Amino acid sequence: MIRETIVTTVSQDGRVHIAPIGIIADGLGWIVAPFRPSTTLDNLRAVPFAVANFTDDVRIFAGCLTGRDAWPTTAADAVPVPRLVAALAHAELAVDRVTEDEQRPRFHCRVVHAAAHGSFAGLNRAKAAVVEAAILFSRVGFLPQDKIEREIGNLAAAVEKTAGPDEQEAWRWLMEGIEAYYARN
Ligand SMILES: Cc1cc2nc3c(=O)[nH]c(=O)nc-3n(C[C@H](O)[C@H](O)[C@H](O)COP(=O)(O)O)c2cc1C
């Protein structure tokens, strides 16, 4: 099972990095599998801790992919990596071991602390559609344009029918990002 989360990591010199990552359930722990090259990968090698932030604010998923990554953070309890203020819950992760891979090394992590901060407000189709569109946007470089456009077309109805202002904003950021990518390429 994969949970779509926002993973925070830090570099050797303490710079915080925020990225949407699908973490993979692994018994009581989680596997973080960043593609090469990525800042998340470099940070996990330099400082082997992370926070998995569970949030339903899909602007953070869309924002991180479209250059809007200054989301407020606050100190975690047991790891030297901050968590998102917007996390409804979070898990603090320590890397136990790494399975090396050419494309996508797997960092096997144990949970050293977890806490809840807010209540779950229920499912929303537009939030799910934004997460799917964010994944498509992260793959514009290698998926065919007609597939991206067809899938975005299918997702758009859920946004039109069920989005609130945050989901509309997140959707707009992604559509502008996709349009700008195809204008350049
Ligand atoms: C929902 C979602 C899940 C993602 N999961 C992963 C993942 O498991 N591994 C990964 O490398 N990138 C994943 N991505 C793409 C990264 O968020 C994106 O490429 C990001 O820029 C990572 O690179 P960075 O660490 O250099 O920022 C995901 C994107 C989304 C929207």
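Positions are given from 1 along the sequence. Numbering of ligands and ligand atoms starts at 1, following listing order. Only heavy atoms go into these numbers, but all of them, side chains included; no hydrogens, no water, no symmetry mates. Note that the coordinates shown come from a computational prediction; the quantities given were computed from them, not determined experimentally.
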At what distance is the nearest protein heavy atom to atom 14 (N) of ligand 1, and which residue and atom is it?
P20 O, 3.4 Å
Measuring to protein heavy atoms, does anything land under 4.0 Å from atom 19 (O) of ligand 1?
no
Taking the side chain from W71 and the backbone from R68, do they hold a donor-acceptor pair closer than 3.5 Å?
yes
Answer with yes or no whether the side chains of D96 and H108 bring together a donor and an acceptor at under 3.5 Å.
no
closest protein heavy atom to atom 2 (C) of ligand 1 is I135 CG1, 3.6 Å
Find out whether W30 and T5 are in side-chain contact, i.e. whether some heavy atom of one side chain is under 4.5 Å from a heavy atom of the other.
no
Can you find an N or O of S138 that's nearer than 3.5 Å to an N or O of ligand 1?
no
When rounded to the nearest 0.5 angstrom, what distance separates CD in E151 from CG in D146?
10.0 Å
Quick one: does any side-chain atom of N124 pair with a main-chain N or O of T162 as donor and acceptor, under 3.5 Å?
yes
If you draw a 6.0 Å radius around CD in Q103, do more than 12 non-hydrogen atoms from other residues or ligands fall strictly inside?
no
Counting only heavy atoms, which portion of A33 has something under 4.0 Å from ligand 1: side chain, backbone, both, or neither?
backbone
Can you report which non-hydrogen protein atom sits closest to atom 27 (O) of ligand 1, along with the distance?
H17 NE2, 2.7 Å
Specify the protein heavy atom at minimum distance from atom 25 (O) of ligand 1: its residue, its atom name, and the distance to 0.1 Å.
T40 OG1, 2.6 Å
Ranked by distance from atom 22 (C) of ligand 1, the top protein heavy atom is A19 CB, 4.3 Å
Which residue and heavy atom of the protein sit nearest atom 23 (O) of ligand 1, plus the separation:
S38 CB, 3.6 Å
Polar proximity ligand 1 side, E4 side, N/O cut 3.5 Å exclusive:
no
If you measure from each non-hydrogen atom of L65 to ligand 1, which part falls under 4.0 Å: side chain, backbone, both or neither?
side chain
Donor-acceptor check, side chain of T8 to backbone of P82, threshold 3.5 angstrom: yes or no?
yes
Taking the side chain from R104 and the backbone from A33, do they hold a donor-acceptor pair closer than 3.5 Å?
yes
Determine, step by step, whether L93 and F49 satisfy the side chain to side chain contact (heavy atoms under 4.5 Å, CB included) criterion, reporting the C-alpha distance in whole Å, the side-chain angles of both residues, the deciding distance to 0.1 Å, and the verdict.
CA-CA 6 Å; L93 308 178; F49 298 95; over 6 Å; no
Residue, atom name and distance, where the atom is the protein heavy atom closest to atom 7 (C) of ligand 1
R104 NH2, 3.4 Å
Around atom 26 (O) of ligand 1, find the nearest protein heavy atom and jot down its residue, atom name and distance.
T39 N, 2.8 Å
Please confirm whether A134 comes within less than 3.5 Å of ligand 1 when only nitrogen or oxygen atoms on both sides are compared.
no
I would like to know whether R106 and D101 meet side chain to side chain contact (heavy atoms under 4.5 Å, CB included); could you show each step before the answer?
CA-CA 7 Å; R106 291 161 74 92; D101 184 80; 6.0 Å; no
Any N/O of F35 closer than 3.5 Å to an N/O of ligand 1?
yes
